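Step one of this worksheet: look at the structure below.
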Amino acid sequence: MGFLPRLLWRQFRRLEAGRRVNPCSVQVNEPAQVSLTADPVRARIPASLAVGAPLPVAPTPGYEYAEAQQRLTCAGVGGIVAEDRIREIKIEKIQKLRDKGLQPYPERWQRTHTPGQASQLEAGVGGVRVCGRIVSRRDFGKLTFFDVQDVGGRMQCSLQRDDLGKESYTDFIKLVDVGDFVGIEGETYHTKIGQLTVRGSNWQILGKMLRPMPEKFHAIADREIRYRRRYLDLITDADSRARFRLRHDFIRALRKGLDEAGFDEVETPVLQTKPSGALARPFETHHAALDIPVYLRIAPETYLKRCVVAGFDRVYEFARVFRNEGMDPSHLQDFTMLEYYASYWNYIDNMDFTERLLRQAIEASTGSLQVTHAAGEIDFSGEWPRRPLLDLIQEHSGIDVNACPDADSLRSALGAAEITIDGAEKFGRGTLIDQLYKKTVRPRITSPTFVTSHPVDLSPLARRNDDEANISDRFQLVIHGWEVINAYSELVDPIDQRGRLEEQAALNAEGDSEAMVMDEDYLMAMEHGMPPISGWGMGIDRMVALLCGAENLRDVVLFPLLKPEEGSAVEDAILEAGEEAPAIEGADA
RNA sequence: GGGAGCAUAGCUCAGUCGGUAGAGCAACGCCCUUUUAAGGCGUCGGUCGUUGGUUCGAGCCCAACUGCUCUCACCA
């Protein structure tokens with residue numbers, strides 16, 4: 001039934017209010033049951049709808065539409081709700097285009113300029129062929145202005161009846177709408193108020209839109225709709241277009257910087273039989289032919305290091321990685337990580353290179369080294385401070401961790417400093433240091449800062465410092481309280497690595513789903529020998545979010561994962577298959 | 001998982017004290033040759049997220065549910 005009851009209800013309300021009704025939308029089977037207060041002439045009530053007969057209940061105020069509706073049926077598909085009605089109108093326009101020999105979805109169109117390119121032209125350039133989606137329009141009888149747009153720019157065009165002839169001009173006015181793709185051929189000129197415009201000598205429709213466009217002045221407000229129907233967000237919101245352009249430019253600049261520094265780009269497997277390279281819960285899936293579990297990678301690390309074993313001395317990968325964890329504004333379960341590994345470098349060399357690489361890429365993509373963020377200006381110029389973790393903790397909390405050789409002494413120091421950490425009694429020394437850092441130091445770091453020299457028990461994959469065996473040769477780049485980069489002098493000693501993996505595997509066996517599992521295949525590769533390496537990983541999404549001032553990572557990902565929409569095709573298909581809709585991992589755990 | 005907020009036309013939003021649901025945009029019909037959120041006249045479009053309850057009467061008050069947003073916690 002769907003729209004029927006609602007439609008009937010609406011029509012009765014209109015009749016009661018003395019307003020007009022659509023004459024083809026309602027028919028009455030048993031006219032004697034219906035009472036109407038509307039004036040029949042003004043309301044254009046069809047002959048089949050008798051006026052004046054008593055209703056089963058009083059028309060106002062307690063009008064029982066449900067009972068009345070049982071006595072009515074609706075013939076045909078008149079009326080319907082707004083969006084469907086607009087769709088019907090546009091489908092009619094498609095038929096009218098075809099009737100006139102105009103193909104609504106043509107196969108190609110020869111373009112000379114994108115809208116962005118055309119907007120840079122001088123006046124008086126002829127033979128300009130520009131195309132895009134019409135995003136706004138202003139009609140003046142025998143003259144019309146409209147803007148065509150793609151993600152790269154926008155260009156105003158005009159059509160005049162005197163240039164096109166009456167028929168072609170009227171066809172455009174009647175059959176082409178905001179939202180449609182069109183191609184315009186013409187000459188550039190300045191309008192009376194100086195706006196560069198392509199004055200079209202002919203036009204062609206290149207793709208008809210069936211749906212209504214969102215409101216043209218405001219962008220879409222509902223975050224969920226912005227994410228689900230990102231195309232509408234990108235069509236209507238210039239800020240959103242700018243964010244994704246920045247993302248694209250930033251990635252391109254990073255790639256250029258790495259290529260120029262002698263790195264090779266490689267691709268490593270997404271489906272892995274053993275997830276490794278990070279501490280995280282993986283997504284598990286199943287390989288049907290082999291009948292084995294496989295995992296979506298949580299990091300590309302161990303495969304990139306295999307490349308180093310093979311003789312790639314500098315490799316990088318823009319890697320989509322997947323972590324089966326909760327969703328919040330600074331975490332995605334499906335995100336992009338840039339990792340690279342450089343042979344013969346230590347972490348100090350790596351910090352030097354990081355500054356150069358990022359500065360170059362930030363300037364290339366944003367045009368500046370100062371970035372405006374909701375929390376304030378972020379300045380990427382100058383030398384970024386390099387601070388050992390324990391120094392920072394002492395500075396911000398007053399606790400000298402070096403004076404606390406075990407968990408108990410550190411706990412009493414925490415107590416003396418009146419710092420409470422939930423669950424402190426069950427944490428080891430390493431975790432306590434980590435929690436102390438996250439609580440007192442990290443939120444206060446705003447400008448880019450290298451945090452270095454983490455305790456070795458926080459860094460199972462990092463190389464031990466040669467002078468201080470309990471700290472690792474590691475750095476993180478922290479900006480605005482976010483860890484954006486994590487890098488080490490890599491552990492290349494296969495015997496040390498085996499020992500640390502055994503510890504992790506034991507934790508995993510005890511039920512820690514984030515701990516690593518034994519990876520003999522990787523150890524086999526390591527035992528063939530590695531040079532000194534410094535490795536590096538950056539969360540692209542986080543960095544891009546910082547650069548464009550987005551506070552939610554989903555604003556810089558085109559199509560973030562969302563729960564399935566109720567009544568969606570996906571859900572319907574699942575229900576049809578006789579299964580229950582799947583629970584969304586992490587959504588309610 | 002805790003807390004707070006939101007849900008009204010395709011879009012952006014009003015809706016007063018509980019008393020017949022409003023505007024702008026979009027759409028449709030007219031007028032208009034220099035606009036750019038064009039303008040003017042007319043029209044169409046709503047079971048006010050769902051289900052109950054209170055009431056003579058609920059968009060509004062109450063409860064539950066669903067969805068979304070923010071926030072805290074958890075989580076590299």
Side-chain angles (χ1 to χ4, degrees), chain A residues 3 5-10 12-14 16-22 25 37 59-63 65-66 69 79-90 92-93 135-147 154 156 158-163 169 174 177-179 189-195 197 199 211-228 232 236 278-281 298-299 321 323-331 333 335 337 422-423 434 438 442 458 476 482-484 486 513-514 537 539 542 551-552 562-563 565-566 586 588-589:
Chain A
F3 63 88
R6 187 165 56 162
L7 171 66
L8 291 172
W9 182 85
R10 176 72 185 158
F12 271 96
R13 292 297 296 262
R14 298 189 67 79
E16 282 169 11
R19 297 168 72 180
R20 300 180 183 191
V21 295
N22 181 343
S25 53
T37 58
T60 55
Y63 183 71
Y65 71 87
Q69 138 197 340
I80 330 186
V81 289
E83 185 167 8
D84 288 337
R85 196 196 53 192
I86 288 171
R87 195 163 168 272
E88 294 294 329
I89 289 166
K90 300 209 177 201
E92 281 172 28
K93 288 184 180 180
V135 291
S136 69
R137 177 161 151 185
R138 297 161 292 283
D139 287 341
F140 288 85
K142 300 181 185 66
L143 162 71
T144 185
F145 292 102
F146 52 93
D147 300 321
R154 180 184 287 204
Q156 176 167 281
S158 69
L159 293 174
Q160 300 189 18
R161 196 175 76 167
D162 292 348
D163 293 343
Y169 182 78
K174 294 286 183 192
D177 297 314
V178 170
Y189 75 110
H190 287 293
T191 65
K192 283 182 181 169
I193 58 168
Q195 171 74 47
T197 303
R199 177 172 176 164
R211 301 283 178 173
M213 279 277 279
E215 210 259 3
K216 66 186 171 190
F217 185 60
H218 306 88
I220 292 175
D222 187 324
R223 274 184 180 277
E224 189 191 1
I225 296 177
R226 287 221 313 258
Y227 299 145
R228 274 192 204 286
L232 290 180
T236 55
L279 302 177
R281 186 147 73 107
I298 55 176
V321 300
R323 297 185 181 180
N324 206 342
E325 286 157 0
M327 330 164 72
D328 72 52
S330 64
H331 291 84
Q333 40 286 109
F335 60 101
M337 177 169 273
D422 293 338
D434 189 42
K438 285 178 178 169
R442 197 174 68 182
L458 289 179
Q476 293 182 317
W482 281 6
E483 288 159 7
V484 173
N486 191 16
S513 60
E514 289 183 358
R542 284 188 178 180
E551 293 185 88
N552 191 323
L562 300 169
K563 291 174 77 166
E565 220 167 351
E566 198 164 342
D588 53 6

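It should be emphasised that the depicted structure is a prediction, and the values quoted were computed from it without experimental measurement. Below, chains carry the letters A, B, ... as their sequence lines are ordered, and counting in each starts from 1.
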Check Ala299(A) against Arg323(A) and note the closest heavy-atom contact, atom names and distance. CB-NH2, 4.3 Å
Closest to side chain of Glu224(A), choosing from C11(B), G67(B), U35(B): G67(B)
So is the aromatic ring of Phe140(A) stacked onto the base of C32(B), judging by whether the centres are under 5.5 Å apart and the planes are under 30° apart? no
In whole angstrom, give me the gap between the C1' atoms of C11(B) and G45(B). 13 Å
Watson-Crick or G-U wobble partner for G67(B), using a 3.5 Å limit on both distances? C6(B)
What nucleotide among A26(B), U34(B), C30(B) has an atom nearest to a side-chain atom of Lys192(A)? U34(B)
Nearest to side-chain heavy atoms of Asp222(A), which nucleotide of A37(B), C68(B), C11(B): C68(B)
Categorize Arg323(A) for me: base, sugar-phosphate, or nothing, with a 4.0 angstrom heavy-atom threshold over every strand shown. sugar-phosphate
Counting only Watson-Crick pairs (N1-N3 plus N6-O4 or O6-N4) and G-U wobbles (N1-O2, O6-N3), all under 3.5 Å, who is the partner of A27(B)? U43(B)
Taking U36(B), U34(B), A26(B) as options, the one with an atom nearest any side-chain atom of Tyr189(A) is U34(B)
Taking only the C1' atom of each, what is the distance from U20(B) to C48(B) in whole angstrom? 15 Å
Leu143(A) has its side chain closest, among C11(B), A27(B), U34(B), to U34(B)
Proximal nucleotide (of U69(B), U35(B), C28(B)) relative to the Ile89(A) side chain: C28(B)
Taking only the side-chain nitrogens and oxygens of Lys90(A), find out if one of them lies under 4.0 Å from OP1 or OP2 of A26(B). no
Scan Gln476(A) against the nucleic acid and name what it touches under 4.0 Å (heavy atoms): base, sugar-phosphate only, or nothing. base
5'-most contact on RNA chain B (nearest-nucleotide basis), Arg223(A) vs Thr197(A), goes to Thr197(A)
To the side chain of Asp177(A), which of C28(B), C13(B), G67(B) is closest? C28(B)
Might you point out which heavy atoms bring Phe145(A) and Gln156(A) nearest each other, and give the distance in Å? CD2-NE2, 3.4 Å
Any chance you could measure Thr236(A), atom OG1, to Arg226(A), atom CZ, to the nearest 0.5 Å? 9.0 Å
Side chain of Tyr227(A) only, please: which of U34(B), C30(B), U69(B) is the nearest? U69(B)
Give a yes/no answer on whether the side chain of Lys93(A) brings an N or O atom under 4.0 Å of OP1 or OP2 in C28(B). yes
Does OP1 or OP2 of U35(B) have a side-chain N or O of Arg138(A) closer than 4.0 Å? no
Side-chain donor-acceptor pair under 3.5 Å between Tyr189(A) and Ser158(A), yes or no? yes
Using Watson-Crick or G-U wobble geometry with both distances below 3.5 Å, tell me the partner of C56(B), or none. G19(B)
Got a salt bridge between Arg138(A) and Asp147(A), using NZ or NE/NH1/NH2 to carboxylate O under 4.0 Å? yes
For Asp139(A), which contact category applies under a 4.0 Å heavy-atom criterion: base, sugar-phosphate, or nothing? base
With a cut-off of less than 4.0 Å, is there a side-chain N or O of Asn552(A) near OP1 or OP2 of C70(B)? yes
With the side chain defined as heavy atoms from C-beta on, Glu215(A) is closest, among U36(B), C13(B), C11(B), to C11(B)
Separation of Arg542(A) CZ from Met337(A) CE (nearest 0.5 Å): 8.5 Å
Look at all strands and tell whether Lys438(A) reaches a base, only sugar-phosphate, or nothing, counting heavy atoms closer than 4.0 Å. base
